[in-house]
There are 2 protein chains.
Amino acid sequence: MSTSTNRLEKSEVYVKVDVCIFAINEDLKVLLIKRSIPPDKEVWALPGAFVKKEETLEEASIRVLKKKAGIFENLYLEQLYTYGEIERDPRGRVITVAYFALVDSEKIKISENADWHSVYELPSLAFDHGKIVKYALQRLKNKLEYTAIALDILPENFTLTELQKVYEVILGEKLDKRNFRKKIFSMGIVKPTDKYQLGVHRPARLYTFKRDLKSKKIPGFRWTKMEL
Amino acid sequence: MSTSTNRLEKSEVYVKVDVCIFAINEDLKVLLIKRSIPPDKEVWALPGAFVKKEETLEEASIRVLKKKAGIFENLYLEQLYTYGEIERDPRGRVITVAYFALVDSEKIKISENADWHSVYELPSLAFDHGKIVKYALQRLKNKLEYTAIALDILPENFTLTELQKVYEVILGEKLDKRNFRKKIFSMGIVKPTDKYQLGVHRPARLYTFKRDLKSKKIPGFRWTKMEL
DNA sequence: TCAAAAGTGTTAAACGTACACCCATGA
DNA sequence: TCATGGGTGTACGTTTAACACTTTTGA
């Protein structure tokens, strides 16, 4: 392949996207697919697809999300890293652009050969997908501290206890209720509504996300959405 | 293209690497190449190359670095982001994996059609390279605060004033000498040697990097090298 | 009336920030 | 001896972390 011509020869380098889809359900889960074809037949892997000529990387990821996890809203999707080791896929020179997504597991119908797995009890994965999940988890934890990412998987209205649960499950540790609330308020990312929970023992106040702050710098945050 | 066969058809999706090479020299500079061929002939662009079948993404980046900036040591290289918009390159569906590098400009011989440009006075760039530089700069600033990245472009021994200059140039602001030293020491990333500068008015003590800490969590740092 | 989760403040320690002078050296 | 950059400490405000009891409600 040469840059000195306007005509590009066909390439033997292939581009995939693989998506690490996280959901919260008791603990932190990842959606895996049991491969039905070689290579690594019958081995669990991240859902993925080859990128088509006429779709962006993000569109390819969304195609994967729709196919493997049903159509849904309240989705957080972010590019993670691009893996380009030469021998990572036996079929050829396959480069994968990894994405991670955070979804509300209640809103999803997963496909037949897919299943949720706790990030703390993962089977061994096909290709280099184990490495990808590990890195995605690290990134997710980091982002939680500086961004409003947790709000992307909560419904429009939520209680502070629900928000705290999201943090606890992702970070894998218990948090102090008073300190947590203090932190969230000082970030200024939520505002109270005048609504309350229904049908529970003692209804908690419902909060909502201050959407206008989504793309602004938030005190205590380093960034919210990366500007690319 | 299909995943259901072991034979992959040739692809019309192409993969490049583009490298945003930073150096420090009065202020923060980026290495740009004046394109000699269409598209965007005569326009400044990031140095880049199509990825060969038998090289990793990082190897391709290093090939670019060697060709455009001479061979050198003391190099920091990190993957930045992968750009996959459909129309970003008129030659076809070209996806670029952007890298950024931090080098010591004194150790470099740049190629003929290349030149350093201050990040504060950039010309308009080919393709979406302006966006890439902007993001690389943001990432560089962020990493400076949490990692020992600055040490990668200093020689084995350096003075604290030299280290501070690196921070000041990248962040684009003056720092307080006492607070800066306090911070660096509390990070525990440098250790004093018993050597001193030569040939200057008043020789300063030389410090060196605590290499054993390179991959450990450092207090005040969120991470040093990302584990992938 | 009881069980369960909601809600609410204070204190101490660590950290970040602003700020100015003396010292050692080579010219 | 002087000009230059090297080196050092303190005080204040902010942020973080540890910690426990009262309130409200539905069953």
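Below, chains carry the letters A, B, ... as their sequence lines are ordered, and counting in each starts from 1. These numbers were taken from a predicted model, which means no experiment stands behind them.
In this structure the side chain of B/K29 never reaches within 4.5 angstrom of the side chain of B/F22, judged on heavy atoms.
Regarding A/F185, its CZ atom lies at a distance of 12 Å from the C1' atom of C/dA6, rounded to whole Å. We find that CZ of B/R205 is positioned 11 Å from C1' of D/dG7, with the value rounded to whole Å. As a whole-Å value, the separation of B/K183 NZ from D/dG9 P is 21 Å. In this structure, the CZ atom of B/R181 is 17 Å from the C1' atom of C/dT17, given to the nearest Å. Atoms CD (B/Q197) and P (D/dG7) sit 8 Å apart, rounded to a whole Å. Rounded to a whole Å, the OH atom of B/Y196 is 13 Å from the P atom of C/dG26. A straight line from CZ of A/F180 to P of C/dG9 spans 18 Å, rounded to a whole angstrom. For B/M187 and C/dC15, the CE to P distance is 12 Å, given to the nearest whole Å.
Side-chain rings of A/Y167 and A/F180 approach one another, their centers coming within less than 6.0 Å.
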Could you encode protein contacts along nucleotides 18-27 of chain D as a string, one character per nucleotide from 5' to 3', using B for base contact, S for sugar-phosphate-only contact and - for no contact, with a heavy-atom cut-off of under 4.0 Å? BBB--BBSBS
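Each end of the helix from C/dT1-D/dA27 to C/dA27-D/dT1 gets its own rotation axis from five pairs of C1' atoms, and the angle between them is 0° to the nearest 10 degrees.
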Start with the C-alpha distance between A/T208 and A/T193, add both sets of side-chain angles, then the distance that settles side chain to side chain donor-acceptor pair (under 3.5 Å), and finish with yes or no. CA-CA 7 Å; A/T208 191; A/T193 67; over 6 Å; no
Salt bridge (charged side-chain N to carboxylate O under 4.0 Å, His left out) between B/R88 and B/D128, worked out: CA-CA 7 Å; B/R88 55 180 297 285; B/D128 51 3; 2.7 Å; yes
Using the side chain to side chain donor-acceptor pair (under 3.5 Å) rule, take A/E78 and A/Y76 through it: C-alpha gap first, then chi angles, then the decisive distance, then the call. CA-CA 7 Å; A/E78 176 181 320; A/Y76 181 87; 2.4 Å; yes
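Ring pair B/W44/B/H117 is perpendicular by interplanar angle, where above 60° counts as perpendicular and below 30° as parallel.
B/T147 OG1 to B/M187 CE: the interatomic distance, rounded to the nearest 0.5 Å, is 8.0 Å. To the nearest 0.5 Å, atom CD1 of residue B/I24 and atom CG of residue B/D104 are 9.0 Å apart. One finds the OH atom of B/Y81 at 15.0 Å from the OH atom of B/Y99 (value rounded to the nearest 0.5 Å).
For A/T161 and C/dA6, the shortest distance from a side-chain N or O to OP1 or OP2 is below 4.0 Å.
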